[in-house]
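Structure first, then comments.
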Amino acid sequence: MSGTELRKTGIGVVGDVPWGTHFFLFHETKDDLLDTLVPYFKAGLEAKELCIWVISGPLTENEVRYALGKDIPDLDAYLEDQSMQILQGREWYMSGEDLDLEKVTREWNQKLEFALTRGYAGLRLSAGTAWLEKRHWKEFLDYEGEVNRSIGEQPMLALCTYPLIGSAAAEILDVTRTHQFAVVRRNGRWEVVETSELKQAKREIQKLNDELEQRVIERTRQLTVANQELKQQSAERQHAEDALGAARAELAHATRVTVMGEMVASIAHEVTQPLTGIVTNGNACLNWLRSTTPNMDRAQGAVERIIRDGERASEVIHEIRSLVKKTPPQKILLDINDLIRKTITLAAGEIARSQVQLETDLASDISEITGDRVQLQQALLNLIVNAIEAMGAVKERPRRLLIRSARHEEPFGVVVTVSDSGVGLDPDKRNRVFDAFFTTKPQGLGMGLSICRTIISTHGGRLSARSNANHGATFEFTLPARTGEIESSEANANRVAATA
Ligand code: ADP
């Protein structure tokens with residue numbers, strides 16, 4: 001069939017059909033023919049098709065022109081430019097006394113060519129067969145069969161009309177067989193009667209559709225199952241990731257508590273020292289007040305020192321609590337120098353006890369970062385404690401701990417270095433210190449640096465280690481400058497705390 005474009009037949013019961021449709025009409029009266037063929041050609045002319053009506057009895061050419069003219073106002077123009085052609089059946093099909101179907105086939109082809117070269121959409125024809133004699137019946141039916149087989153390839157519609165009166169049952173069956181469907185008047189109403197060929201074709205199309213639908217249903221089912229499996233896998237994976245995250249957090253907490261435990265003596269000292277100061281200054285204050293001439297100025301000085309020591313002790317306790325308490329991670333705005341100073345407060349006792357000289361070199365032009373305060377403090381504290389431990393055995397040179405902060409240009413952010421003058425890292429160790437459970441210490445767990453690296457990388461930074469030129473090692477981490485995603489109330493609270 002040429003294309004899937006539908007053509008209006010103009011015949012109500014038939015509706016639209018594709019090009020290549022070959023159907024027929026059994027007629028009894030002239031009105032049967034005019035009722036159907038006038039709207040059929042009117043629709044064709046309106047759709048810019050070349051229209052050819054091969055007439056035969058009982059209609060005459062004048063009757064046809066009159067009937068067409070009533071419904072088609074521009075009929076004369078159509079006849080004039082040959083868009084509508086009215087031909088005589090007998091002359092069209094016969095040469096003398098003989099049926100000349102070769103000539104007919106040739107001429108139909110010429111008409112089609114004419115239609116296409118003149119820019120018509122296609123060829124619409126109707127041919128009456130009332131002139132047909134019994135002796136030509138078989139030959140004509142073979143021709144109709146051939147038309148039926150070949151028309152599907154062409155932009156053509158063909159409606160053949162057969163007189164019902166005088167047709168034998170066998171002839172009716174012959175006509176039915178050689179067309180796609182019939183238009184018949186039954187009980188005064190037009191109906192479409194499908195031939196077995198059309199029924200068969202429709203059944204096959206229906207079957208194909210059913211199969212296709214079945215395949216679509218099956219495929220949809222398979223996809224739904226696959227989708228559910230994927231969803232389940234993804235849920236399981238999420239579950240495993242959550243469990244891993246929770247385990248990591250537990251481990252980080254455990255190591256934090258362990259480090260604090262190891263430092264308990266120094267930390268206790270850090271708290272005891274101001275407490276001793278408080279007691280001493282309290283006693284002094286009492287003495288100044290109990291004196292016969294109370295010295296208010298000195299008493300006030302003692303109280304001020306009490307307050308200062310109290311604040312120092314409470315700051316240490318606050319830091320310890322925040323590191324030991326289990327809290328979910330919170331990303332907030334942080335001043336890295338402030339974080340370094342607070343961590344040093346915690347380690348100060350250990351630094352002093354281990355006779356380590358602490359130097360700090362904190363840059364003032366660095367930007368704020370976003371991160372979890374407890375986690376970053378843990379990472380830094382770990383590096384400091386490791387540095388102190390690496391210098392434990394050093395006797396012949398000063399034990400120096402240098403903590404620096406600086407701008408980091410590429411990628412833009414901050415860089416923090418912790419350098420010591422300890423035993424240093426030999427090349428073999430340097431690659432393994434970040435492995436979980438790698439330790440060279442008798443009581444070591446080997447988790448500290450592995451956790452540090454995880455903490456820094458979840459903050460978008462990098463932690464690395466190198467040996468110093470002279471002695472000792474340097475651990476260095478970078479952190480990106482602040483990003484937009486911060487929990488604002490926390491951030492504000494933190495800013496207030498940092499500036500207070
Ligand atoms: P732990 O401290 O329990 O051993 P870490 O993961 O913190 O676990 O450290 C792993 C190992 O890395 C240490 O045992 C030590 O051998 C080495 N190391 C860490 N920091 C330093 C340092 N500053 N100097 C030399 N070696 C270090």
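Fair warning: this is a prediction, and the values are worked out from it, not measured in the lab.
Under a 3.5 Å cut-off, the side chain of Q180 and the backbone N or O of H22 do form a donor-acceptor pair. The main-chain N or O of G15 is found under 3.5 Å from a side-chain atom of T9 such that the two form a donor-acceptor pair. In this structure, D372 contributes its side chain and K331 its backbone to no donor-acceptor pair below 3.5 Å. When atom types are taken as modelled, the side chain of D435 and the backbone of F438 share no donor-acceptor pair closer than 3.5 angstrom. Remark: side-chain polar atoms of E476 are not paired, donor with acceptor, to backbone N or O of A465 under 3.5 angstrom. Using a distance-only test at 3.5 Å, with no hydrogens or angles considered, a donor-acceptor pair links the side chain of T178 to the main chain of D174. Listed for the N337 side chain is a donor-acceptor partner under 3.5 Å among the backbone atoms of A363. When atom types are taken as modelled, the side chain of S126 and the backbone of L159 share a donor-acceptor pair closer than 3.5 angstrom. At least one donor-acceptor pair under 3.5 Å links the side chain of S56 to the backbone N or O of A130. Proximity of a side-chain donor or acceptor of S367 to a complementary backbone N or O of A481 within less than 3.5 Å is not detected.
At most 12 non-hydrogen atoms from other residues, nucleotides or ligands lie less than 6.0 angstrom from NZ of K48. Other residues, nucleotides and ligands place more than 12 heavy atoms under 6.0 Å from the CZ atom of R135.
Taking all atoms of both residues into account, the shortest heavy-atom contact from L6 to P18 is CD2-N, 3.5 Å. The two residues L463 and I456 make their nearest non-hydrogen contact at N-CG2, 4.0 Å. Smallest separation of non-hydrogen atoms from T439 and G444: OG1-CA, 3.5 Å. The nearest pair of heavy atoms linking H27 to L33 is CD2-CD2, 3.5 Å. In terms of heavy-atom proximity, A436 sits nearest to M447 at CB-SD, 3.9 Å. Nearest heavy-atom pair, L376 versus I369, reported as atom, atom and distance to 0.1 Å: CD1-CD1, 3.8 Å.
Side-chain contact annotation: S83 with Y120, donor-acceptor N/O pair under 3.5 Å present.
The salt bridge (Lys or Arg N to Asp or Glu O under 4.0 Å) check on R219 picks up nothing, with sequence neighbours excluded. Shown here are the salt bridge (Lys or Arg N to Asp or Glu O under 4.0 Å) partners of R106, two or more places apart in sequence or in another chain: there are none. Qualifying side-chain hydrogen bond (donor to acceptor under 3.5 Å, both in side chains) partners for D76, counting only residues two or more places apart in sequence or in other chains: none. Taking the side-chain hydrogen bond (donor to acceptor under 3.5 Å, both in side chains) definition, one finds that E61 meets it with R65, sequence neighbours left out. By the ring-ring contact (aromatic ring centres under 6.0 Å, His included) test, Y93 pairs with W131, F140, sequence neighbours left out. A search for salt bridge (Lys or Arg N to Asp or Glu O under 4.0 Å) contacts involving R404 returns D361, not counting sequence neighbours.
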Given side chain to side chain contact (heavy atoms under 4.5 Å, CB included), test W190 with D35 step by step and report yes or no.
CA-CA 10 Å; W190 288 106; D35 268 6; 3.9 Å; yes
Show the numbers, then the answer: is there a side chain to side chain contact (heavy atoms under 4.5 Å, CB included) between V416 and I336?
CA-CA 9 Å; V416 176; I336 195 76; 3.9 Å; yes
Run the side chain to side chain donor-acceptor pair (under 3.5 Å) check on D32 and T29 step by step: do they pass?
CA-CA 5 Å; D32 287 351; T29 63; 3.3 Å; yes
Using the side chain to side chain contact (heavy atoms under 4.5 Å, CB included) rule, take M156 and L112 through it: C-alpha gap first, then chi angles, then the decisive distance, then the call.
CA-CA 8 Å; M156 275 174 78; L112 180 63; 3.9 Å; yes
Is there a side chain to side chain donor-acceptor pair (under 3.5 Å) between N109 and E113? Walk through the geometry before answering.
CA-CA 6 Å; N109 284 337; E113 208 180 305; over 6 Å; no
Could you walk me through whether T60 and N62 satisfy the side chain to side chain donor-acceptor pair (under 3.5 Å) test, starting with their C-alpha distance in whole Å, then the side-chain angles of each, then the deciding distance to 0.1 Å, before giving a yes or no?
CA-CA 5 Å; T60 64; N62 279 343; 5.6 Å; no
Test salt bridge (Lys or Arg N to Asp or Glu O under 4.0 Å) applied to R215 and E218, step by step
CA-CA 5 Å; R215 286 222 298 278; E218 178 57 17; over 6 Å; no
For Q238 and E241: C-alpha separation, side-chain torsions, deciding distance, then whether side chain to side chain contact (heavy atoms under 4.5 Å, CB included) applies.
CA-CA 5 Å; Q238 186 58 47; E241 270 172 13; 4.0 Å; yes
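With a 6.0 Å cutoff to the six-membered ring centre and a 45° limit on the axis angle, R462 does not count as a cation-pi contact of F477. Under the 6.0 Å distance and 45° angle rule, R453 counts as a cation-pi partner of F434.
Looking only at side-chain heavy atoms (C-beta outward), C160 and E144 come within less than 4.5 Å of each other. For the pair Y143/T105, a side-chain contact is recorded, criterion being any heavy-atom separation below 4.5 Å from C-beta on. Using a 4.5 Å heavy-atom threshold, the side chains of F475 and T417 count as separate. Side-chain contact between W19 and Q154 is absent, with no heavy-atom pair separated by less than 4.5 Å. At a threshold of 4.5 Å between non-hydrogen side-chain atoms, the residues I86 and L79 count as touching. Counting heavy atoms from C-beta outward, L125 and C51 have side chains that stay 4.5 Å or more apart. With contacts defined as side-chain heavy-atom distances shorter than 4.5 Å, the pair I72/Y78 qualifies. A heavy-atom distance below 4.5 Å is found between the side chains of L323 and V374.
A salt bridge does not link R430 with D426: none of the charged nitrogens is closer than 4.0 Å to a carboxylate oxygen. Look at K8 and E49 and you find no salt bridge, because none of the NZ, NE, NH1 or NH2 atoms lies under 4.0 Å from a carboxylate O.
Between F23 and F181, the ring-plane angle classifies as parallel under the 30° and 60° cut-offs.
Taking NZ of K342 as the start and NE2 of H318 as the end, the distance is 6.5 Å to the nearest 0.5 Å. In this structure, OG1 on T129 lies 10.0 Å from CD on E171, to the nearest 0.5 angstrom. For the atom pair T21 OG1 and D16 CG, the distance stands at 10.5 Å (nearest 0.5 Å). For the atom pair NE2 (H136) and CG (L101), the distance works out to 9.0 Å, reported to the nearest 0.5 Å. To the nearest 0.5 Å, atoms CD (E107) and CD1 (I52) are separated by 10.0 Å. Separation of atoms NE2 (H408) and CD1 (I366) is listed at 12.5 Å; rounding is to 0.5 Å.
Partner of D210 under the side-chain hydrogen bond (donor to acceptor under 3.5 Å, both in side chains) criterion, out of Q214, Q206, K207: Q206 alone.
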